[in-house]
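Because only heavy atoms are used, hydrogens play no part in the values below, and waters and symmetry mates are left out as well, while side chains stay in.
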Amino acid sequence: MEKEMIIVLDFGGQYNQLIARRVRECNVYAEVHPYTLSLDEIKAKNPKGIIFTGGPNSVYGEDSPRCGKEIFELGVPILGICYGSQLMSYLLGGTVETAPVSEYGRTEVDVNPSSVLFEDVAEKTICWMSHTDYIAKVPEGFTITASTPVCPVAAMECPAKQLYATQFHPEVMHTQEGMKMLSNFVYKVCGCKGDWKMSSFVDDTIKAVREKVGDGKVLCALSGGVDSSVAAVLLSKAIGKQLTCVFVDHGLLRKDEGDEVEAVFGPEGPYDLNFIRVNAQERYYSKLAGVTEPEAKRKIIGEEFIRVFEEEAKKIGKVDYLVQGTIYPDVIESGLGKSAVIKSHHNVGGLPSVVDFKEIIEPLRLLFKDEVRKAGLELGIPENLVYRQPFPGPGLGIRIIGEVTAEKVHIVQEADAIYREEVAKAGIAKDLGQYFAGLTNMRSVGVMGDERTYDYAVALRAVLTSDFMTAEAAQIPYEVLFKVTSRIINEVKGVNRVMYDLTSKPPGTIEFE
């Protein structure tokens, strides 16, 4: 049976994949494609609906991304979001202008609950706005279904043609009832039943990997984090001993993490994997000496990963494929496709231009973090591994502001271990999306033991997030922060000040660099 599908047409917005992820949360399969996807290609996919994403352009700009107005004649329901709503209006004869007042962030929106899009949504609801243009006049046949004091067309619709549009972003967590709106579109407008499950993704991916690899050899980049662990077990299920997992201890891991990874995936662990541990701490410290720019650090760490893999591959004979645990947020933030570059990830934008493998396999590339965890459970991976704290490929290299040294790594390892221990003791770990300690490049004067000190400041970070595309700072109980601060200052040499980071994403990122 052919599965239901929603096509997400990407016009360059940062939330393009997040829209697809929200649709999949409704148990409906979604694919993201560039706005240049032809009408014939769209028809061939037989979508139940189409969503236009946001984007940074103005619809009246000469080089702005546009599709043809013929798409509205397909008879397929369409939802336009932000730029997508403006494009819908522009192509169908409405008017889009520079807004007298731009709107950014949380905004109270008045909605018409009689609209199918806003069924069961409060008449006044908080939504996430991010625009400098607005729809000044709706196209013929459309009615306005939502507004704010400075945005007269916060939403519009033409039910007869199954066309809907919102100026705000229903896909982000800051839009409090956004999932209701997207669910209404998917189920009540598009008529979907919800036939896509994680189990089908796992089965299909295992089958696809077997077909691609054949009798070839595969090398997996195993960091011990959630993503690479799920990728490793998935590949093991697909091709067994054709897979060799290489774990690179680059000296930028959390305290004792190298030994913990080996205990799980090594010869004494529960998985039947070919496992190689490479201790490359000094190699990385040498390469990173004197480097302070975040992108440069990421590129160096990413390139060394590949070089180590190439060296290990030569030792074990011809290797055809390299497997990585790349997931959607890595791809988006690395600026692949039409989106702006936020930062390079070691397993996407951080790759060297030439690698000594036939091809790179990224089996989790279509999944967000929570979906990766679901896939892990489907694969039978224990919960304590599946729900392990996320850890970036570049490791502590991007949790240390400025130059990376062995001394700084030791400081942040010890501080982070204390933080994680106290959070676990307080019983709040499962409530947090991600939490860690980082080392700032700031040194300040302090007094310890009646003597003057001039030491580093540690920054604590904890966020609430389900998708890692947006996040809010967590409200850690003061008594926990006080205990962590006291322990770090007393137990970690070289630190005399501890701060808590309250920045959300956006405008910040979850990691420091």
Side-chain angles (χ1 to χ4, degrees), residues 223-225 248-262 279-294 297 300-301 388-392 394-426 428-429 432 434-462 474 476-503 510-513:
S223 71
V248 179
D249 188 342
H250 48 27
L252 304 171
L253 299 171
R254 290 170 286 203
K255 185 177 180 181
D256 299 328
E257 192 157 36
D259 294 338
E260 292 171 1
V261 170
E262 184 169 1
N279 293 312
Q281 295 91 333
E282 294 307 317
R283 175 172 176 168
Y284 276 86
Y285 294 156
S286 175
K287 288 281 186 179
L288 292 168
V291 180
T292 59
E293 205 278 320
K297 289 196 291 186
I300 288 170
I301 294 169
R388 190 175 188 178
Q389 269 290 298
F391 192 62
L396 301 182
I398 57 171
R399 293 181 180 176
I400 295 172
I401 307 299
E403 183 182 15
V404 175
T405 66
E407 177 195 8
K408 289 182 177 180
V409 169
H410 178 73
I411 289 174
V412 76
Q413 282 178 334
E414 295 298 323
D416 181 70
I418 290 171
Y419 186 29
R420 287 187 289 127
E421 182 182 330
E422 292 300 330
V423 166
K425 282 182 182 177
I428 58 175
L432 305 176
Q434 191 167 347
Y435 59 98
F436 58 88
L439 188 64
T440 74
N441 204 27
M442 182 188 83
R443 300 181 74 181
S444 62
V445 174
V447 178
M448 299 175 71
D450 294 328
E451 293 185 1
R452 179 186 184 275
T453 61
Y454 188 64
D455 289 327
Y456 287 107
V458 162
L460 304 178
R461 184 91 163 115
I476 301 291
Y478 178 78
E479 58 270 21
V480 176
L481 292 176
F482 184 83
K483 180 71 176 295
V484 172
T485 298
S486 177
R487 284 195 58 192
I488 289 175
I489 290 175
N490 282 289
E491 298 175 30
V492 183
K493 185 178 180 181
V495 178
N496 67 358
R497 197 176 296 267
V498 176
M499 299 178 289
Y500 186 63
D501 183 355
L502 287 168
T503 313
I510 294 177
E511 297 291 344
F512 290 132
E513 291 193 332

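The backbone N or O of V445 sits less than 3.5 Å from a side-chain atom of R497, completing a donor-acceptor pair. A donor-acceptor contact shorter than 3.5 Å links the side chain of Q389 to the backbone of Y435. Remark: side-chain polar atoms of E403 are not paired, donor with acceptor, to backbone N or O of T292 under 3.5 angstrom. For Y285 (side chain) and G251 (main-chain N/O), a donor-acceptor pair under 3.5 Å exists by modelled atom type. In this structure a side-chain-to-backbone donor-acceptor pair under 3.5 Å is missing from K287 to K297.
Under the 4.5 Å side-chain criterion, counting only non-hydrogen atoms from C-beta, V458 is in contact with L439. At a threshold of 4.5 Å between non-hydrogen side-chain atoms, the residues R254 and F436 do not count as touching. Side-chain atoms of V404 and L396, non-hydrogen and from C-beta on, never get closer than 4.5 Å to each other. The side-chain heavy atoms of V498 and V484, taken from C-beta on, include no pair separated by under 4.5 Å.
Rounded to the nearest 0.5 Å, atoms CG (N490) and OG1 (T485) are 10.5 Å apart. I400 CD1 to T405 OG1: the interatomic distance, rounded to the nearest 0.5 Å, is 6.5 Å. With rounding to the nearest 0.5 angstrom, the CZ atom of F512 is 6.5 Å from the CZ atom of R461. To the nearest 0.5 Å, the span separating CD on Q281 from CG on L253 amounts to 8.0 Å. Between I398 atom CD1 and L252 atom CG the span is 10.0 Å, to the nearest 0.5 Å. Atom-to-atom distance recorded for Y284:OH and D249:CG is 10.0 Å, nearest 0.5 angstrom.
Side-chain polar atoms of E257 and Q413 form no donor-acceptor pair below 3.5 angstrom.
Among all heavy-atom pairs drawn from M499 and A457, the shortest one is CE-CB, 3.7 Å. Across V492 and A415, no two heavy atoms sit closer than the pair CG2-N, 4.0 Å.
For D256, there are no salt bridge (charged side-chain N to carboxylate O under 4.0 Å, His left out) partners, not counting sequence neighbours. Residues satisfying the salt bridge (charged side-chain N to carboxylate O under 4.0 Å, His left out) criterion with E414, sequence neighbours excluded, are K255. Listed by chain and residue number, L460, I476, Y500 satisfy the side chain to side chain contact (heavy atoms under 4.5 Å, CB included) test with L481 (two or more places apart in sequence, or in another chain). With sequence neighbours excluded, the residues satisfying side chain to side chain contact (heavy atoms under 4.5 Å, CB included) with K483 are E422, R487. Taking F482 as the reference, Y478 meet the side chain to side chain contact (heavy atoms under 4.5 Å, CB included) condition, with sequence neighbours excluded. T453 meets the side chain to side chain contact (heavy atoms under 4.5 Å, CB included) test with M448, D455, N496; sequence neighbours excluded.
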